[in-house]
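As structure tokens, the structure follows; a few thoughts come after it.
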Amino acid sequence: WLVLGGSAIALRVAILPAVLLQVRETRRLTALMPQFAIFRQQTAAIEPAAERARVLLGKIRAECKARGVRPLRVVGLPIMQVPLLIGLVVAVRRMLLPGAPQREVLSGGGAYWFSDLTAPDPTSILPLGSLLLLVTNLQVGLTRPAATRGGVGLLSMLRNVFQAGSIVAFPFYAELP
């Protein structure tokens, strides 16, 4: 328990500076949204659409550069977490292989109703709690502040897709140990 919990806490503490950088950059980018809306209005009449997109992106890029905002930092943390997640999943799966020295400890090292850590949670309380935290995190993280709202945007669409995907995937990851 100490190793698993300590590893999770150490990993979260290790990526905390990246999380804070992403939050700061997201706020700075969000503050530019009203200016981006003005740019969209200014370029609405440009035809063809490819030229309109080129001009719009040029204006957005110039504004971000002038304000010192780096939009790629907003997506950097989720991209950085993918290899970490894959590494952790592989490590845990290796611990559950037959003959692995940790398997014996994990089969009796749980607590409360989940005493066998090599078997799925029979009550689904832990996977359901994880799902609720994930959906809440997506709701909070991918919702624009009221001052910058205006129609259905990319963030709303991404939030809805990720939340729906999480809910659809629940039966699959509820069976994981």
Side-chain angles (χ1 to χ4, degrees), residues 3-92 125-170 172-174 176:
V3 171
L4 291 174
S7 298
I9 291 170
L11 187 61
R12 288 294 176 189
V13 168
I15 65 170
L16 186 60
V19 170
L20 295 175
L21 177 70
Q22 181 197 22
V23 167
R24 201 168 31 251
E25 205 64 32
T26 301
R27 286 183 181 157
R28 294 175 66 200
L29 185 63
T30 301
L32 293 177
M33 290 298 173
Q35 185 62 42
F36 294 166
I38 291 169
F39 291 159
R40 277 193 298 278
Q41 290 173 351
Q42 291 172 348
T43 59
I46 298 176
E47 289 295 331
E51 180 64 17
R52 179 175 53 244
R54 187 186 67 73
V55 172
L56 178 60
L57 287 175
K59 288 180 176 230
I60 289 173
R61 188 175 298 126
E63 185 71 18
C64 285
K65 188 173 182 179
R67 302 275 184 102
V69 175
R70 296 186 179 133
L72 289 180
R73 284 187 177 174
V74 173
V75 296
L77 182 67
I79 290 171
M80 181 184 76
Q81 287 187 25
V82 170
L84 293 174
L85 174 66
I86 291 170
L88 287 173
V89 167
V90 168
V92 169
I125 291 173
L126 294 175
L128 187 59
S130 175
L131 174 67
L132 292 174
L133 285 172
L134 176 60
V135 169
T136 303
N137 189 18
L138 289 169
Q139 183 69 32
V140 170
L142 294 178
T143 300
R144 292 191 331 207
T148 62
R149 267 187 214 137
V152 177
L154 180 62
L155 285 179
S156 297
M157 183 185 72
L158 284 174
R159 181 189 66 231
N160 294 340
V161 167
F162 288 146
Q163 285 178 337
S166 301
I167 293 168
V168 168
F170 176 75
F172 301 105
Y173 67 79
L176 295 174

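The model shown is predicted, which means the values in this text are computed figures rather than measured ones.
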Gap separating the CD atom of Gln22 from the CZ atom of Arg27, nearest 0.5 angstrom:
11.5 Å
Could you tell me the separation between the SG atom of Cys64 and the CG atom of Leu57, rounded to the nearest 0.5 Å?
10.0 Å
Identify the two heavy atoms, one from Ile46 and one from Glu51, that lie closest to each other, and give their separation to 0.1 Å.
CG2-CG, 3.7 Å
Sorted by chain and number, sequence neighbours left out, ring pair (Phe, Tyr, Trp, His ring centres under 6.0 Å) with Phe36 holds for none
For the backbone of Gly68 and the side chain of Arg28, can you confirm whether one donor and one acceptor N or O come within less than 3.5 Å of each other?
yes
Can you name the nearest heavy-atom pair linking Arg73 to Leu21, along with the distance?
NH1-CD1, 3.5 Å
Salt bridge (charged side-chain N to carboxylate O under 4.0 Å, His left out) filter on Arg70, not counting sequence neighbours, yields none
Can you tell me how far the CZ atom of Arg24 sits from the CG atom of Leu29, to the nearest 0.5 Å?
14.5 Å
Which heavy atom of Leu128 sits nearest a heavy atom of Phe170, and at what distance?
N-CE1, 3.6 Å
Can you give me the closest heavy-atom contact between Arg67 and Leu32, atom names plus distance?
NH1-CD2, 3.2 Å
Nearest heavy-atom approach of Ala14 to Pro17 is O-CD, 3.5 Å
Rounded to the nearest 0.5 angstrom, the CD-CG distance for Gln163 and Leu131 is 9.5 Å
To check you understand the geometry: which heavy-atom pair defines the closest contact between Lys59 and Phe39, and what is its length?
O-CE1, 3.6 Å
Please confirm whether the backbone N or O of Phe162 pairs with a side-chain atom of Ser166, one donor and one acceptor, at under 3.5 Å?
yes
Looking at OG1 of Thr43 and CD1 of Ile38, how far apart are the two atoms once the value is rounded to the nearest 0.5 Å?
12.0 Å
Working to the nearest 0.5 Å, report the span between NZ of Lys65 and CD1 of Ile60.
16.0 Å
